Amino acid sequence: MNSPATAADTRLDLLELVDWFARTARRLPWRSPGVTGWGVLVSETMLQQTPVNRVQPIWEEWMRRWPRPSDLAAEPQGEVLRAWGKLGYPRRALRLHDAAAEIAAEHDDVVPGDVDTLLALPGIGTYTARAVAAFAYGKRAPVVDTNVRRVVARAVHGAGDAGPPSPKRDLADVDALLPSDDATAAKLSAALMELGQVLCTVRSPRCEECPLAADCAWQHAGRPAYAGPPKKVQKFAGTDRQVRGKLLDVLRGADGPVSRERLDRAWSEAGQRDRCLDSLLVDGLVEQTADGRFALPGEH
DNA sequence: GAAGCGTGGAA
DNA sequence: TTTCCAAGCTT
């Protein structure tokens with residue numbers, strides 16, 4: 001199934017995009033010179049589904065406390081969950097802790113730069129593996145996140161937004177845009193993401209400022225609205241996700257183990273509360289103590 | 001392939 | 001107020 005336009009025959013001036021990025025890139029701390037592969041991995045993990053401004057202070061603290069994977073690996077899980085704070089999706093913190101231990105034990109305390117090796121680590125998927133390879137090690141590795149998918153959907157395919165993810169096709173689309181040399185490809189990967197974040201946004205794209213506007217397929221098509229299948233918005237209020245968050249927040253705010261009665265106050269409906277507590281235990285985000293109380297893992 | 005998994009800010 | 005969403009991963 002071919003699209004009318006493919007990435008391979010686009011006329012987009014991608015070197016102009018790289019130049020735009022060099023001129024205007026935000027000065028994010030994990031982009032500073034000297035940041036290690038570990039620093040980049042921590043940033044990419046925190047940034048999965050969490051906005052930059054919330055990640056920034058936590059990332060700074062983590063780098064201060066745990067400058068190497070082995071430093072994090074030496075901490076109990078509960079301490080890592082506390083330091084994760086309210087970034088959300090705390091399973092990310094546990095997986096990063098596990099990944100740190102594996103990197104320390106099997107990779108000489110250095111984050112690997114090879115995509116397949118990265119993919120074998122817990123919590124590192126298609127996006128993160130390539131982001132680390134490109135941003136930390138300057139490699140040519142197609143980096144596909146929600147922003148890049150939108151930029152490609154518009155600039156290459158002329159659509160209002162990306163449809164549902166199609167990993168193989170998405171990867172091939174971006175791969176076709178990257179030049180052969182590692183350094184330029186890595187810069188272009190960062191530039192494509194930045195473009196989607198700051199100009200080619202979902203709601204009010206600033207096409208006047210866009211370095212790709214001249215040959216953008218979406219522009220040429222008259223900027224048609226998104227025509228794909230409706231996107232699903234996930235509910236939050238009243239879901240298990242909310243309840244789990246409340247339970248975990250009680251434990252993060254406590255000095256040590258807490259009683260079941262204390263957790264009971266976090267949510268009124270007993271059935272859902274118990275189910276959520278069970279799932280937290282299964283996920284390893286909560287542990288039960290010998291005397292029947294509850295605590296963050298490793299903190300009793 | 002779809003569903004589940006946190007959180008808080010902006011429109 | 002409600003809705004939408006922000007650099008995904010795992011099952």
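Chain letters run A, B, ... following the sequence lines, proteins first and then strands; every chain starts at 1. Given the structure is predicted, the values throughout are model-derived calculations rather than measurements.
The environment of A:D181 atom CG is dense: over 12 non-hydrogen atoms of other residues, nucleotides or ligands sit within 6.0 angstrom. Residue-environment remark: CG (A:N53) exceeds the threshold of 12 foreign heavy atoms within 6.0 Å.
The pair A:R140-A:D175 meets the salt-bridge criterion, with a side-chain N (NZ, NE, NH1 or NH2) lying under 4.0 Å from an Asp/Glu carboxylate O. Ion pairing of A:R65 with A:D71 is absent here, as no side-chain N (NZ or NE/NH1/NH2) approaches a carboxylate O to less than 4.0 Å.
Whole-Å rounding puts the A:D249 CG to B:dT7 P distance at 6 Å. If you take CG of A:L81 and P of B:dT7, they are 11 Å apart, rounded to a whole angstrom. As rounded to whole Å, 13 Å separates atom C1' of B:dG4 from atom CG of A:L280. Rounded to whole angstrom, the span from the CZ atom of A:R169 across to the C1' atom of B:dG1 amounts to 17 Å. Between the CG atom of A:D240 and the C1' atom of B:dG6 there is a distance of 13 Å, given to the nearest Å. Atom pair A:I58:CD1 and B:dT7:P shows a separation of 13 Å (rounding to whole Å applied).
Within 4.0 Å of A:K231, counting heavy atoms only, lies no atom of the nucleic acid at all. At the heavy-atom level, A:V202 lies under 4.0 Å from the strands shown only through sugar-phosphate atoms. Among the atoms of the strands shown, none is found under 4.0 Å from any heavy atom of A:L248. Counting non-hydrogen atoms under 4.0 angstrom, A:P164 reaches nothing in the nucleic acid. Residue-level contact check: A:Q242 touches neither bases nor backbone, having no heavy atom under 4.0 Å from any strand.
Listed by chain and number, the residues in a ring pair (Phe, Tyr, Trp, His ring centres under 6.0 Å) with A:W30 are A:W59 (sequence neighbours excluded). Here A:T50 pairs with A:R92 under the side chain to side chain donor-acceptor pair (under 3.5 Å) rule; sequence neighbours left out. Judged as a side chain to side chain donor-acceptor pair (under 3.5 Å), and not counting sequence neighbours, the contacts of A:D240 are A:Q272, A:R275. A:R91 meets the salt bridge (Lys or Arg N to Asp or Glu O under 4.0 Å) test with A:D283; sequence neighbours excluded. In this structure, the side chain to side chain donor-acceptor pair (under 3.5 Å) partners of A:R31, at least two apart in sequence or on a different chain, are A:E194.
Closest approach of A:A141 to A:S189, counting heavy atoms only: O-OG, 3.6 Å. Scanning all heavy atoms of the two residues, the minimum distance from A:S268 to A:R273 falls at O-NH1, 3.5 Å.
Here chain A contacts DNA chain C (any atom closer than 4.0 Å to a heavy atom, that is under 4.0 Å), and the contacts span C:dC4 to C:dT10 from 5' to 3'.
The main-chain N or O of A:D109 is never found under 3.5 Å from a side-chain atom of A:R68 such that the two would form a donor-acceptor pair.
Screening residues 208-257 of chain A for ring pair (Phe, Tyr, Trp, His ring centres under 6.0 Å) gives no qualifying pairs among residues at least two apart or on separate chains. For residues 66-114 of chain A, every residue pair satisfying the ring pair (Phe, Tyr, Trp, His ring centres under 6.0 Å) rule, not counting sequence neighbours, is listed here: A:W62-A:W66, A:W62-A:W84.
Comparing A:P165 and A:T50 against DNA chain B, the residue whose closest nucleotide sits nearer the 5' end is A:P165. Mapping A:P167 and A:Y89 onto DNA chain B via the closest heavy atom, the residue that lands nearer the 5' end is A:P167.
Hydrophobic cluster membership for A:V243: A:L81, A:L94, A:L247, A:L248, A:V250, A:L251, A:V258, A:L263, A:W267, A:L277, A:L280, A:L281, A:L285, A:V286, A:F294, A:L296 (Ile, Leu, Val, Met, Phe, Trp, Tyr linked by side-chain heavy atoms under 4.5 Å, directly or transitively).
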Would you list the protein and nucleotides 8-10 of chain B atom pairs, both N or O, that sit under 3.5 Å from each other?
{"unit_1": "B:dG8", "atom_1": "OP1", "unit_2": "A:K86", "atom_2": "NZ", "d": "3.4"}

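Of the residues in residues 15-49 of chain A, those placing a heavy atom less than 4.0 Å from an atom of DNA chain B are A:Q49, in numerical order. Within residues 111-139 of chain A, the residues approached by DNA chain C to less than 4.0 Å at the level of any non-hydrogen atom are A:P122, A:G123, A:I124, A:G125, A:T126, A:Y127, A:T128, in residue-number order.
If you take atom C1' in B:dC5 and the same atom in C:dA6, they sit 15 Å apart, rounded to whole Å. For the P atom pair drawn from C:dT3 and B:dG6, the interatomic distance equals 22 Å after rounding to whole Å. The same atom, P, is picked in C:dA7 and in B:dA10; the two are 15 Å apart, to the nearest Å.
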